[in-house]
Amino acid sequence: MQGLNPQQQAAVRHIDTPLLVLAGAGSGKTRVIVEKIVHLIESKGTPARGIWAVTFTNKAAREMAERIGQRLPAERRRGLNISTFHTLGLNLIRREIRTLGLRPGFTVLDAEDSLNLIKSLLQQNESAAGMIEPKEAQWQISQWKNDLLTPSQAMQTSADEVEAACASLYDDYARQLTACNALDFDDLIKRPVELLRDDAEARERWQNRVRYLLVDEYQDTNASQYELVRLLVGKLGRLTAVGDDHQSIYAWRGARPENLSHLARDFPNLTTVKLEQNYRSVNTVLTAANQLIANDPTTQPKTLWSAVGPGEAHRVLVCDTAEDEAERIATDILHRHFKDDSPYRNFAILFRGNHQARLIEQQLRKLSIPYILTGGQSFFERAEVKDAMAYLRLMANPSDDAALLRIINTPRRGIGPTTLERLGQIARERHVHLAAAARSVTAAQRLDSRVHHQLTQFLDWLDATRSRMDEQPAAEAMRGLLEEVDYFGYLREQENSAKAAERRWTNLQDWLEWTERIAVDNDSGESLSLTELVQKMSLLGILEQKTRDQDDNAVRLLTLHAAKGLEFPHVYLSGMEEDLLPHQDCQEDDRLAEERRLCFVGITRAQRSLTFTLTRRRRRYGQWRDVRPSRFLEEVEADLLRWEGIGVQKSEEENRATAAEAMSAIRAMLGKS
DNA sequence: GATGACATTCCCTTA
DNA sequence: GAATGTCATC
């Protein structure tokens, strides 16, 4: 309890009835959750296994577990449940696998797999084809699932024929998932909710297990996640929800910030605690943030204050082009790194869209500034890694269609689109998975005999390899498998340079090493079954794992969304332009308000200094366009902003001068050491 | 069934 | 101006 302010203490001590903590940016909310868990275990004697803490990202979960590790010895925290919503759902599904009608070894499809499945279904479904974009269908189906609607309910509520066609596609999609013994990400929440809602015994089982539930970033929960919370908590309502409506930035993917206010409706005995003291930022940062967010008509007023210090006015760098912007940010960081002796990890560059990162990366590399890029194409999304994953998934689940489709002709085996289309037809007619369809008599009749032979041989080889999987560790077996299919040969054939092939092969070696490492249970230290391993992999981002090992004294590049929850001494908010922030597709009221909150999140990441940057003209779809400064800059009092670079045409020369100065500082330092 | 030239879309954010 | 999709040709 030491070092907590009175509001934080109240939030920690309050345990028997539901509690909502409205925690402003930087007000120490993670600290409150951590201390509360410690309090529950140490002072209240709650068994660790009865405490469940839920976050939105793996990273946040890991960080929380780490901080609790610093406060409690291992034997006192054993059995504690800290995970994302999706991992919690997955664990529940695994324990209730029979009740849910799934077979062991079920697959969790990622977004790409699910999109591919939708594409192929769309080609078959005549009423839907041509009317719907695959991406739109995927988005709509996800929305329905997040709202807990079944295909038939979606059909009933659909407003026009396009939506009706989409609902029928949803029905196909759901059936196909069942046939493949597969789930998508949304199912990881939806299925547990349906189970707990309809099965009183299962509900009781889980309510007894979950003695105390803590939920972070509550404003980001969607309808189905809220339902899961309600079902797990039950009537006792031993719940702590922590959130901030000002940081609600995920409404576009189904989050319901109003879930914060619904808590009072659903739990009449709810207590609310507000945390407004900020421990992160200097006052100029908070003043700018407060002024900006005061324009948000959709959220409750809340004013942040801090005792950190006064702070300086924020710079606004007006640059000529995006290249110029990147160069100025990079030279500015280099300059301050040497002038103030400030390590690179103190700097973060934030942007709205991932595409903005490319130019900034180039400039940082030019000046040899180390950086870590979060988001963008992750290691896990690389084709070769996904191929290897698909092989591994097929080892665990022979009916995984998405995985089979991915590698059936990779490397080339002469099994092309026509064959797969016919096979798909058979599979759909009988509601079986593809491998089963290929084994059927119908397949033997309808397919070209040479191709059919090729196909069954490949399936036989898969089965034989699968039966050998138990004999050795997964990573070892996969190494052998990749050699047997001559994957390296395939890479050399695909890539035009030997170097590129080598690089992708190295990625696979990294993946094998990673597989080896995570094939062990975190708590017990026992090695995981193949099924468990595959499921763990589909939920973990390898990127985070990798960057943690590396030297992390580097400038951070992140999107505004990815920056939530983090803090940095020096923050650069790039692309402060109309149509970029706010984004061009977000002009209507509620979406504009969300853009403003996104900007608020960006500003409140800064501890000591904040620099906005924008350009005069920017290339878009290959066309040059004039740029107007973001309206959000106007919502901040003029006194707080110090504009630089207006009317200065020689900005390039200026930058060269700054860069030259910084470089000479480097040389001086190298000379000394 | 594979391959390469042309056309079209996309530039938001994600568990 | 990348990246994916479509179509014609071998």
Side-chain angles (χ1 to χ4, degrees), chain A residues 54-61 83-90 108-112 114-116 119 123 133-136 138-139 142-143 145-146 183-190 216-217 220-222 224-225 228 248-255 322 350-359 374-378 380-381 383 408-409 411-422 447-448 450-451 454 493-494 538-541 543-544 558-564 575 577 579-587 591 594-595 597-599 601-602 618-625:
Chain A
V54 179
T55 62
F56 271 82
T57 61
N58 284 314
K59 204 171 76 192
S83 68
T84 64
F85 265 109
H86 291 84
T87 306
L88 168 60
L90 178 67
V108 182
L109 298 190
D110 67 14
E112 196 189 322
S114 119
L115 187 63
N116 286 335
K119 279 179 188 164
Q123 277 169 359
E133 254 347 278
K135 274 219 162 136
E136 243 164 90
Q138 187 184 33
W139 184 84
S142 173
Q143 294 286 305
K145 286 192 161 188
N146 286 336
L183 300 170
D184 64 14
F185 267 114
D186 299 322
D187 285 328
L188 296 180
I189 314 295
K190 184 171 171 274
D216 197 10
E217 306 282 15
D220 291 336
T221 50
N222 61 33
S224 60
Q225 286 162 337
L228 184 59
S248 155
I249 54 174
Y250 284 110
W252 56 271
R253 66 167 199 217
L350 311 184
F351 35 80
R352 177 65 231 264
N354 262 316
H355 65 281
Q356 289 171 257
R358 227 187 73 237
L359 285 172
T374 324
Q377 203 201 23
S378 77
F380 225 64
E381 285 158 357
I408 197 160
N409 206 27
R412 304 233 172 279
R413 298 185 182 92
I415 302 164
T418 320
T419 309
L420 293 176
E421 198 185 307
R422 285 186 197 149
L447 296 180
D448 176 88
R450 218 185 60 230
V451 177
Q454 186 82 2
E493 190 184 291
Q494 289 290 301
S538 8
L539 288 175
L540 279 181
L543 188 81
E544 310 159 299
L558 334 116
T559 64
L560 287 163
H561 284 89
K564 189 163 74 162
E577 301 160 18
D579 294 341
L580 223 50
L581 184 70
H583 190 270
Q584 54 182 352
D585 299 343
C586 303
Q587 299 296 324
R591 301 193 74 181
E594 185 155 304
E595 294 292 300
R597 293 194 295 271
L598 198 50
C599 185
V601 166
R618 191 182 283 273
R619 244 212 309 236
R620 238 164 189 222
Y621 304 104
Q623 289 278 313
W624 284 101
R625 283 171 59 178

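Protein chains get the first letters and strands the later ones, always in sequence-line order, with residue 1 at the start of each.
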* Asked: Taking for each residue the nucleotide of DNA chain B bearing the nearest heavy atom, is the 5' side occupied by Val451(A) or by His355(A)?
  -> Val451(A)
* Hey, does Thr87(A) reach any base, or is it just sugar-phosphate, or nothing, if we go heavy atoms under 4.0 Å? -> nothing
* Runs of at least three consecutive pairs that involve DNA chain B, where pairs are Watson-Crick or G-U with distances under 3.5 Å -> B:1-10 with C:1-10
* **Nearest-angstrom distance from the residue atom CZ of Phe351(A) to P of dT14(B)** => 10 Å
* Provide, to the nearest angstrom, the distance between the CG atom belonging to Asn58(A) and the C1' atom belonging to dT14(B). => 12 Å
* Just checking Asn409(A): base, sugar-phosphate only, or nothing, at a heavy-atom cut-off of under 4.0 Å? -> sugar-phosphate
* Mind calculating the distance between CG (Leu350(A)) and P (dT13(B)) to the nearest angstrom? => 14 Å
* To do: Name the nucleic acid region contacted by Arg591(A), choosing base, sugar-phosphate or nothing; use a 4.0 angstrom heavy-atom cut-off, strictly under.
  => base
* **Gly353(A) vs Glu133(A), nearer the 5' end of DNA chain B by closest nucleotide** => Glu133(A)
* **Interatomic distance where OH belongs to Tyr250(A) and P belongs to dT13(B) [whole Å]** => 11 Å
* To do: Identify whether any heavy atom of Arg412(A) sits under 4.0 Å from a base atom; if not, whether one sits that close to sugar-phosphate; answer base, sugar-phosphate or nothing.
  => sugar-phosphate
* Structure fact -> To the nearest angstrom, the NZ-C1' distance between Lys135(A) and dT4(C) comes to 10 Å
* Gap between atoms NZ and P, on Lys564(A) and dA15(B) respectively (whole Å) -> 12 Å
* Roughly how many Å is it from CZ in Phe56(A) to P in dA15(B), rounded to a whole number? -> 11 Å
